Amino acid sequence: MGSTRLLTIGTTLVVALAGSAPAVAAPPPAKTEIQTGMEFTAGPDETTPGGQVVLSGWAGIEGRTTGNAGRVEFFFRKKPTDPKVPIGTTEAGSSGKFRYTAKATVSGEYSAHYKHRKLAITADGTDSLNVYVDRPVDRFLYSWTAESLSCLPTCTAEGPEQFVSATPIKVKLTRECLRPKSGGRIGFTADPENAYPAGAPGWRDFPDGEGPTEFELNPGITHGHFYLEWTSGAPAGDAELTACNLSFSATQQHVERQYI
């Protein structure tokens, strides 16, 4: 009895050892996901209609300087809500660098779509560009009006100090005067005494007479004031005093940049 019992115990031990779980095999290494990227620029930042736009950059697998050859498609839209319009394609070299030129029309957004030549990977980039036109416009500077002035012997009017640009000043003068004749001068000066140097480009002297006229002042300064001086002759005998309706306005042309 004792030997049989020992045999049974031994058999149980052998079965237990034989049924132990086998060692688990190591899992296969996880696949590394390919990371792609794009650097994209539409330059310059702004240009005029018809100006050259350079679309350039890099696309491909991050960390690689070779093996990035692929096709790059370019699109344009004026607003983010507009559909993208294809404007051209080019090839990225093995380094991933690409370059394409187009002509500017209006301000908007350029985009690039890259597709690897062999692998099923893509990358995208966007950049904006402004298009402008420079248009000359007349900027108002000063105006003055008076009616029924006798200006005997002299009427004067002085505008406030102001800044102007270095371009010519356009002046429109209306002068309606009864006899006897009267005349005067208009200038843009920085002189507090308003002295009139004969023939100075910042002044205009008028002969006796009536009627409107237009002219330019070239004062050569950018800070000063407008000055008018008007003189009438004394009436002969019992003649009516001279009465003048005078007015003038000054403008200056400058360039205004408008983005389209």
Side-chain angles (χ1 to χ4, degrees), residues 45-51 106-107 130-260:
D45 291 336
E46 57 183 34
T47 187
T48 55
V106 294
S107 302
N130 289 322
V131 178
Y132 67 88
V133 291
D134 287 337
R135 292 192 173 99
V137 296
D138 288 333
R139 180 169 64 92
F140 171 80
L141 297 178
Y142 181 73
S143 67
W144 177 85
T145 300
E147 296 182 354
S148 300
L149 294 176
S150 64
C151 294
L152 184 64
T154 301
C155 294
T156 61
E158 182 174 316
E161 290 190 357
Q162 63 184 105
F163 288 93
V164 299
S165 64
T167 57
I169 298 172
K170 297 179 180 179
V171 179
K172 292 183 179 181
L173 169 68
T174 299
R175 45 181 179 168
E176 299 171 346
C177 296
L178 301 175
R179 296 292 184 262
K181 294 180 180 180
S182 65
R185 59 182 60 95
I186 293 177
F188 185 82
T189 176
D191 180 10
E193 301 298 326
N194 302 310
Y196 166 61
W203 289 85
R204 178 68 180 266
D205 204 18
F206 300 94
D208 296 342
E210 299 179 5
T213 186
E214 297 183 16
F215 56 93
E216 288 187 352
L217 299 178
N218 292 277
I221 56 175
T222 57
H223 180 223
H225 61 266
F226 287 96
Y227 181 77
L228 174 141
E229 181 180 288
W230 206 264
T231 301
S232 297
D238 295 331
E240 183 181 358
L241 289 175
T242 296
C244 286
N245 296 330
L246 299 174
S247 67
F248 78 92
S249 62
T251 60
Q252 196 168 46
Q253 192 175 88
H254 73 115
V255 174
E256 184 177 272
R257 178 158 293 186
Q258 297 178 351
Y259 290 91
I260 57 174

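Everything numeric in this text was worked out from a predicted model, so none of it was measured.
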>> Just to verify, what does D191 make a side-chain hydrogen bond (donor to acceptor under 3.5 Å, both in side chains) with, not counting sequence neighbours?
In response: none

> Counting only heavy atoms not in D138, do more than 12 fall under 6.0 Å of its CG?
Replying inline: yes

>> Walk me through whether R185 and E229 qualify under salt bridge (Lys or Arg N to Asp or Glu O under 4.0 Å).
In response: CA-CA 5 Å; R185 59 182 60 95; E229 181 180 288; 2.6 Å; yes

>> Are F206 and F215 an aromatic pair, judged by ring center distance below 6.0 Å?
In response: yes

> Would you say Y132 and T48 make side-chain contact, with heavy atoms under 4.5 Å?
Replying inline: yes

> So, do H254 and P136 sit near enough that their side-chain heavy atoms are less than 4.5 Å apart?
Replying inline: no

> Ion pair present between R257 and E46, side-chain N to carboxylate O less than 4.0 angstrom?
Replying inline: yes

> With the threshold set at 4.0 Å, does a side-chain nitrogen-carboxylate oxygen contact exist between K170 and E216?
Replying inline: no

> F188 vs F226 aromatic rings, parallel, tilted or perpendicular, using cut-offs 30° and 60°?
Replying inline: perpendicular

> In terms of the angle between their ring planes, are H223 and F163 parallel, tilted or perpendicular, with boundaries placed at 30° and 60°?
Replying inline: parallel

Are the side chain of [X] and the backbone of [Y] linked by a donor-acceptor contact shorter than 3.5 Å?
| X | Y | result |
| --- | --- | --- |
| N218 | G202 | no |
| E147 | L246 | no |
| S249 | S143 | no |
| E256 | D134 | no |
| T47 | V131 | no |

Drop me the distance from [X]'s [atom1] to [Y]'s [atom2], to the nearest 0.5 angstrom.
| X | Y | atom1 | atom2 | result |
| --- | --- | --- | --- | --- |
| L228 | Y142 | CG | OH | 8.5 Å |
| K172 | T213 | NZ | OG1 | 11.5 Å |
| E214 | R204 | CD | CZ | 11.0 Å |
| T222 | Q162 | OG1 | CD | 11.5 Å |
| C155 | L149 | SG | CG | 4.5 Å |

So which heavy atom on [X] is nearest to which on [Y], and how close?
| X | Y | result |
| --- | --- | --- |
| N194 | E158 | ND2-OE1, 3.1 Å |
| S247 | T145 | CB-OG1, 3.5 Å |
| I260 | P49 | CD1-CG, 3.6 Å |
| W203 | L217 | C-CD2, 3.7 Å |
| V164 | I221 | CG2-O, 3.7 Å |
| A250 | V171 | CB-CG2, 4.3 Å |

> Can you check side-chain contact (heavy atoms from CB on, under 4.5 Å) on T189 and H225, steps first, answer last?
Replying inline: CA-CA 6 Å; T189 176; H225 61 266; 3.8 Å; yes

>> I'd like to know whether I186 forms a side-chain contact (heavy atoms from CB on, under 4.5 Å) with L173, so could you lay out the CA-CA distance, the side-chain angles of the two residues, the decisive distance to 0.1 Å, and finally the verdict.
In response: CA-CA 9 Å; I186 293 177; L173 169 68; 4.0 Å; yes

> Do W230 and T154 pass the side-chain contact (heavy atoms from CB on, under 4.5 Å) test, and can you show the C-alpha distance, the side-chain angles, and the key distance before you say yes or no?
Replying inline: CA-CA 5 Å; W230 206 264; T154 301; 6.0 Å; no

